[in-house]
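Step one of this worksheet: look at the structure below.
Numbering starts at 1 and runs along the sequence shown.
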Amino acid sequence: MKGFIGFIIAATLCCAATLEPDRNPRIVNGQNAGNTPFNAYVLYLNSANSGFFGGGSLISDRHILTAAQNIAGFVRWEVGLGSSVFGQLITQVSTQAIAHPSFNMANRANDIGFIILPSPVVFTALIQPIQLPIQGRNLPYENEEGMIVGFGFNSVNGQARSDFLKVGYQRVISDSRCGGIYQITLPNHFCAEDVVQRSNVCNGDLGAAFVVPERRVETLVGIASLITASCDSINPTGYTRVSSYRQWIRDNTGV
């Protein structure tokens with residue numbers, strides 16, 4: 001990613017920002033994704049115009065649900081929606097976002113928050129909010145398969161960012177094994193992995209969705225929160241369990 005920071009800013013965001021040079025964004029071992037109308041690309045910047053980027057999910061015409069680590073300490077968010085082609089994203093710039101008040105950066109406890117868009121988006125076939133879990137349903141279940149998406153490189157050793165949204169699939173592992181990998185509070189987090197294709201999220205995908213088909217409807221059940229290395233294809237990813245924060249989301253967004 002180091003050699004492409006200037007290109008990304010000039011070609012897609014038209015702003016001068018200094019991004020962290022040591023973090024590689026990608027869905028490793030993923031495939032090209034089809035239309036994913038809830039997916040959001042998020043560039044987050046602090047008061048010195050420095051930051052990085054991650055993912056998020058549209059949950060209403062004004063709200064992007066993401067990880068609190070993409071919000072705490074930052075002052076501006078450039079959100080791209082509406083395409084699986086990076087160069088065709090429709091961008092809004094927001095200066096309003098709320099991280100969970102009990103977020104802990106050290107262990108990623110309560111790693112959830114939302115960005116408030118300055119203007120309501122118009123829903124189309126390419127821009128649609130994703131369903132959230134029904135309150136009281138502790139999704140996802142162990143061994144349930146979910147989908148992950150993000151923009152990024154084609155391989156661990158790749159040298160060029162993909163122009164297309166990538167998708168991978170992981171299965172939820174046991175809470176006991178998850179707790180042995182990350183210092184987390186169960187059941188507020190869960191872990192998932194892909195032991196076949198070894199698809200996984202990387203730093204630039206943190207905040208992105210883990211989606212399951214709940215009653216045949218795509219449902220956002222996890223937010224990418226924890227990884228063991230910048231782009232690790234072996235170890236599971238840790239996700240914030242959205243259902244644990246369902247009431248907090250409703251209280252703060254009305255969704």
Side-chain angles (χ1 to χ4, degrees), residues 1 4 8 22-42 52-58 65-67 69-70 80 83-86 89 108 111 130 139-175 177-178 180-182 184 189-214 217-242:
M1 185 60 200
F4 295 89
I8 291 173
D22 58 342
R23 305 169 75 183
N24 294 325
R26 73 196 81 169
I27 287 284
V28 63
N29 298 329
Q31 306 297 319
N32 284 355
N35 181 28
T36 312
F38 62 84
N39 183 67
Y41 169 87
V42 178
F52 196 60
F53 54 94
S57 302
L58 186 69
L65 198 66
T66 187
Q69 62 187 286
N70 296 349
S83 183
S84 59
V85 180
F86 191 87
L89 291 172
R108 307 292 169 85
D111 192 11
I130 190 167
L139 300 174
Y141 305 120
E142 185 176 338
N143 203 41
E144 187 169 14
E145 185 178 74
M147 178 182 75
I148 53 175
V149 290
F151 288 99
F153 297 164
N154 292 317
S155 65
V156 172
N157 297 315
Q159 297 298 313
R161 174 188 53 76
S162 173
D163 290 327
F164 302 96
L165 186 67
K166 294 295 183 178
V167 60
Y169 296 89
Q170 296 179 325
R171 286 193 180 275
V172 179
I173 66 174
S174 67
D175 282 352
R177 185 173 164 225
C178 184
I181 299 170
Y182 300 110
I184 55 175
H189 274 87
F190 67 91
C191 294
E193 66 181 351
D194 175 7
V195 298
V196 180
Q197 300 296 330
R198 292 296 180 186
S199 60
N200 211 344
V201 302
C202 301
N203 275 324
D205 300 309
L206 293 173
F210 185 92
V211 176
V212 302
E214 172 67 0
V217 178
E218 287 189 333
T219 302
L220 172 59
V221 298
I223 298 171
S225 172
L226 291 155
I227 53 178
T228 59
S230 65
C231 199
D232 177 21
S233 61
I234 302 299
N235 293 297
T237 295
Y239 295 89
T240 303
R241 191 184 299 270
V242 173

Among Arg177, Gln170, Arg198, which residue satisfies the side chain to side chain donor-acceptor pair (under 3.5 Å) criterion with Glu193?
Arg177
Test log, rule side chain to side chain contact (heavy atoms under 4.5 Å, CB included), inputs Val85 and Phe164
CA-CA 5 Å; Val85 180; Phe164 302 96; 4.0 Å; yes
Rounded to the nearest 0.5 Å, what separates atom CG in Leu220 from atom OG in Ser57?
4.5 Å
Atom CG in Leu206, atom CD1 in Ile223: separation rounded to 0.5 Å?
11.5 Å
For Val149 versus Ala208, what's the shortest heavy-atom pair and its separation?
O-CB, 3.5 Å
Taking all atoms of both residues into account, what is the closest heavy-atom pair of Arg108 and Gln69, and its distance?
NH1-OE1, 3.0 Å
Working to the nearest 0.5 angstrom, can you tell me the gap between Leu165 CG and Thr36 OG1?
5.0 Å
Exercise: identify the closest heavy-atom pair between Phe38 and Glu218:
CE2-OE1, 3.6 Å
Distance check, rounded to the nearest 0.5 Å: Thr237 atom OG1 versus Leu226 atom CG?
9.0 Å
CG-CE distance between Asn39 and Met147, expressed to the nearest 0.5 angstrom:
8.5 Å
On a heavy-atom basis, the closest approach of Cys191 and Tyr182 is SG-CD1, 3.7 Å
Once you round to the nearest 0.5 Å, how far does CZ of Arg241 lie from CZ of Phe210?
10.0 Å
Under a 3.5 Å distance rule, please check whether Thr240 uses its side chain to pair with a backbone N or O of Ser225 as donor and acceptor.
no
Taking all non-hydrogen atoms of both residues, which atom of Leu89 and which atom of Ser83 are closest, and how far apart?
CD2-O, 3.4 Å
Parallel, tilted or perpendicular: which one describes the rings of Tyr239 and Phe190, with boundaries at 30° and 60°?
parallel
Regarding Asn200 and Ser233, is there a side-chain donor-to-acceptor distance under 3.5 Å anywhere?
no
Nearest heavy-atom pair of Gly150 and Asp205: which atoms, and what distance?
CA-OD1, 3.3 Å
Hydrogens and angles aside, do Ser199 and Asp194 bring a side-chain donor and acceptor to less than 3.5 Å of each other?
yes
